[in-house]
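Order of appearance sets the numbers: ligands from 1, and atoms from 1 within every ligand.
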Amino acid sequence: MTATTDRPPTRPPGLELPDLEAADAREVVAWAMERFHPRIALACSFQKEESVLLDLIFSVRPDARVFALDTGLLFEETYDLWRQVEERYDTTIERWHGPTLAEQAARHGDRLWARDPSQCCAIRKVEPLRRGLADLDAWVTGIRRDQSPARAGAAKVEWDAQFGLVKVNPLADWSDQDVWRRVIADGLPYNPLHDRDFASIGCVPCTRPGQGREGRWAGSDKVECGLHLEDA
Ligand code: SF4
């Protein structure tokens, strides 16, 4: 897909955001859809959190927008789940992507992820995300405060100064167990890699089984792909 606009990251003067910390996830989603649809979309990385959010968002608005960043390096299980989700909710997930792997290798050499994962994420995730957000006023994410120290301060509704739009985190106060309870109770489709001890699922070269986010970029000090920065 191609970008339509770009914009400065400054918060628009007069933009008032409600304090929805006492609201439950459905109430947060309902408020966000009412306020921003169709200029709002769920960023879907096919983690268990998105299994919950997809179900919530489509129950509120069957025509809700969802997008995913296709790095070209996702697990087959993730692509399978992508197809399942589209079928279950009768939707098409907007796909954003960077250069092909061959183009990246020609410009930066083979296996950039092994030598400079931050640059690889910037090319394959952050830049496509920036284009994906360009025609939105708000995005919905599955981040939870207990996932990492960098996410501990996330509010349910906040200004995203990194990308210049409103960020909605309906599951900010959910625990890992809360998410699993909802997935199981409602029989929601989820990534089967979670059953093989993958707590956080990203690209094949950078994801290992492990709890918390320790299974991502094993052996390096990288903990975030650049999509959700502290204080952003
Ligand atoms: Fe590249 Fe790894 Fe980031 Fe995927 S997670 S974009 S392979 S560095």
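- Residue-ligand proximity, Lys125 to ligand 1, at heavy-atom distances under 4.0 Å covers atoms 5 (S).
- Ion pairing between a basic and an acidic side chain is recognised when a charged N comes within 4.0 Å of a carboxylate O; Arg35 and Asp137 show no such pairing.
- Here the closest non-hydrogen pair linking Ala25 and Leu171 is CB-CD2, 3.9 Å.
- No side-chain donor-acceptor contact under 3.5 Å links Arg182 to the backbone of Ser51.
- Of all atoms in ligand 1, numbered sequentially from 1 with element shown, those under 4.0 Å from a heavy atom of Cys206 are 2 (Fe), 5 (S), 7 (S), 8 (S).
- Short contacts between ligand 1 and Trp113, defined as distances under 4.0 Å to a heavy atom of the residue, involve ligand atoms 1 (Fe), 2 (Fe), 7 (S), 8 (S).
- Near Leu73, with a cut-off below 4.0 Å to any heavy atom, the atoms of ligand 1 are 7 (S).
- Rounded to the nearest 0.5 angstrom, Glu50 CD and Thr141 OG1 are separated by 8.0 Å.
- Proximity annotation for atom 1 (Fe) of ligand 1: of Gly98, Pro117, Pro128, Cys120, Cys120 comes nearest, heavy atoms only.
- Put simply, CD on Glu34 and CZ on Arg61 are 8.5 Å apart, with the number rounded to the nearest 0.5 Å.
- Ring planes of Tyr190 and Trp180: perpendicular class, angle over 60° (limits at 30 and 60°).
- With 2.8 Å as the limit, Cys121 counts as an N, O or S neighbour of atom 3 (Fe) of ligand 1.
- Residue-ligand proximity, Cys203 to ligand 1, at heavy-atom distances under 4.0 Å covers atoms 4 (Fe), 5 (S), 7 (S).
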